[in-house]
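Report on one structure; see the data block that follows.
For the numbers below, each heavy atom of this structure counts, side chains included, while hydrogens, waters and symmetry mates do not. In this chain, residues are counted from 1 in sequence order.
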Amino acid sequence: MLEAVTGTGAQTLLADGVLRLCLAGERHVELPLMWLRDRCTCSTCQHASGQRLLDPATINIQSLPTDIHVDNDTLRLTWMPESHISTYAINELFAAPVSPPTARGWDASAASDLPSCHHDTIIGHDPAARSELLQWLRATEQMGCGVMHGVPVADGEVARVATLFGHVRETNYGRWFDVRSVVDPTNLANTSFGLAAHTDNPYRDPVPTLQLLHCLESSASGGENVLVDGWRVADEVRSQQPDGFDLLVRRSVSFCYRDANTDLAAIAPLIELDTEGAVRSIRFNARSMQPPSMPSTELSTWYDAYLLFARLLTEPRFQIRLRLDPGDLFIVDNQRVLHGRTAYAATSGSRHLQGCYADIDGLRSTIRVLSRMESSSATELR
Ligand code: FE2
């Protein structure tokens, strides 16, 4: 039953645990009372830092708002029986607290759009360098990959580049690691074999969400790098084999890595979806995947979809190919963009890359901080 209609500038109706606000332009919104109580921004409920002080376990679910007032852009109400006063800026009630990442799916035709920057133009704290870095990070986040040229050819530079926008994820391979052909390798990355497009370290939980690879030497013939948008390919599998796709999402498999001092294992599906059903994470690495185990009625369907995924990854229509020269570095979103390489000649010339891992939340944080700095300096100039 509707109870209260008060205020100026807008009508409010209270019914069935919901406050209905009738705003200008015939617009109306319905706000559940407990959502409103939880979002109170008074100094008892929210710290000046923006962090919440109100413990949701202490909210009285019987509380009801009285004295509901709308004045221009402000909603004010008093919760009874506590006599707790809440004031809200109406526009802020509807602002999205965090914008979701904006992924842009791609295939081979996007090769010329691969985000690219030069190391020297993004180094430093002057506004031009910050703006270049911000543009490159935004584009890299959207495509899930990017290239940087002119990185100094020196040991460990790859990890220093990662600190320009985040934090290195140190692993059993170290803060950074070498990728080159060695005698008796424990990892096939350290051979001259070609490597099919894959995501790295699916045997970790959680996986590193960014990988950087920096070229120090590339005089060997071959060893071209391949990038594939795994989310795009997963959607292709979904449209061609929906039942198999469903099993790739619902059935977990094991991934392992072992050497003398390490025994890593993770159990996870090849494809994970977000709450809207969109692909949000891929683990695909035939080198470390263990034989899948599931009811035999499902195993054939699972395999059909798995093999389709593997074949699609090899199709040129989905691949961006790049040849890394010394000083070139690429970065990939390791839950989205698969990377691989063609075989190279181990007997003539040499190929030496260094890699490191980092996490995409740090990259996104840097994008937000640089965006804030950019908009505050634009405001100062006004
Ligand atoms: Fe790799």
Side-chain angles (χ1 to χ4, degrees), residues 100-108 110 141-145 187-189 194-211 226-258 264-320 332-341 357 359-361:
T102 48
R104 187 187 133 215
W106 54 265
D107 58 22
E141 194 217 2
Q142 276 192 349
M143 257 184 99
C145 54
N187 193 316
L188 291 181
L195 297 176
H198 61 276
T199 61
D200 258 37
N201 292 198
Y203 39 77
R204 292 186 203 283
D205 202 357
V207 298
T209 47
L210 288 178
Q211 179 176 11
V226 176
L227 303 177
V228 182
D229 184 353
W231 293 1
R232 171 79 183 77
V233 170
D235 281 335
E236 186 73 19
V237 174
R238 182 181 347 219
S239 69
Q240 291 191 30
Q241 294 188 12
D243 293 344
F245 175 88
D246 187 50
L247 288 172
L248 295 184
V249 170
R250 286 195 297 110
R251 293 288 176 237
S252 292
V253 292
S254 306
F255 297 91
C256 298
Y257 173 80
R258 293 187 187 97
L264 290 161
I267 301 171
L270 263 59
I271 299 172
E272 290 176 61
L273 306 181
D274 67 16
T275 52
E276 307 301 312
V279 177
R280 66 165 286 272
S281 177
I282 305 280
R283 285 180 204 237
F284 198 98
N285 190 320
R287 283 175 283 148
S288 56
M289 190 182 81
Q290 306 303 300
S293 170
M294 64 191 75
S296 60
T297 48
E298 295 179 349
L299 198 51
S300 309
T301 309
W302 186 94
Y303 250 99
D304 285 346
Y306 171 64
L307 298 183
L308 173 62
F309 201 137
R311 285 196 306 275
L312 290 171
L313 292 174
T314 68
E315 290 191 12
R317 65 182 168 127
F318 291 116
Q319 297 181 340
I320 292 179
V332 287
D333 175 340
N334 190 46
Q335 292 182 298
R336 175 182 170 190
V337 173
L338 294 86
H339 63 284
R341 68 155 192 247
Y357 300 115
D359 282 307
I360 201 161
D361 57 349

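- Between the side chain of D205 and the backbone N or O of A266 there is no donor-acceptor pair closer than 3.5 Å.
- Distance alone, capped at 3.5 Å, places no donor-acceptor pair between the W106 side chain and the D229 backbone.
- A donor-acceptor pair under 3.5 Å is formed between the side chain of H198 and the backbone N or O of H339.
- The heavy-atom pair separating A234 from V279 by the smallest distance is CB-CG2, 3.9 Å.
- Going from atom CZ of F255 over to atom CZ of F284 covers 8.5 Å, rounded to the nearest 0.5 Å.
- Under the 3.5 Å distance criterion, the side-chain polar atoms of R232 are left unmatched by any main-chain donor or acceptor of D107.
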Open item on the list: Applying side chain to side chain contact (heavy atoms under 4.5 Å, CB included) to E236 and E315, what does each step give before you reach the verdict?
Closed with: CA-CA 12 Å; E236 186 73 19; E315 290 191 12; over 6 Å; no

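- Not a single donor-acceptor pair under 3.5 Å links the side chain of Q241 to the backbone N or O of S239.
- At least one side-chain heavy atom of L312 sits under 4.5 Å from a side-chain heavy atom of R317.
- Nearest approach of L270 to M289, heavy atoms of both residues: CD1-SD, 4.1 Å.
- For Q319, the side-chain hydrogen bond (donor to acceptor under 3.5 Å, both in side chains) test picks out R321, with sequence neighbours left out.
- For the pair D359 (side chain) and D361 (backbone), a donor-acceptor distance under 3.5 Å is absent.
- In this structure, S288 contributes its side chain and Y257 its backbone to no donor-acceptor pair below 3.5 Å.
- Heavy-atom minimum distance, Q335 versus S281: NE2-OG, 3.2 Å.
- Among all heavy-atom pairs drawn from L313 and A197, the shortest one is CD1-O, 3.9 Å.
- No donor-acceptor pair under 3.5 Å is formed between the side chain of N334 and the backbone N or O of Q211.
- A donor-acceptor pair shorter than 3.5 Å cannot be found between the side chains of N285 and T199.
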Could you pull out every donor-acceptor pair under 3.5 Å between side chains of residues 298-306 and any protein atom, sequence neighbours left out?
residue : atom : partner : partner atom : Å
E298    : OE1  : R251    : NE           : 2.5
E298    : OE1  : R251    : NH2          : 3.1
E298    : OE2  : R251    : NH2          : 3.0

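- Within 6.0 Å of CG on L307 lie more than 12 heavy atoms contributed by other residues, nucleotides or ligands.
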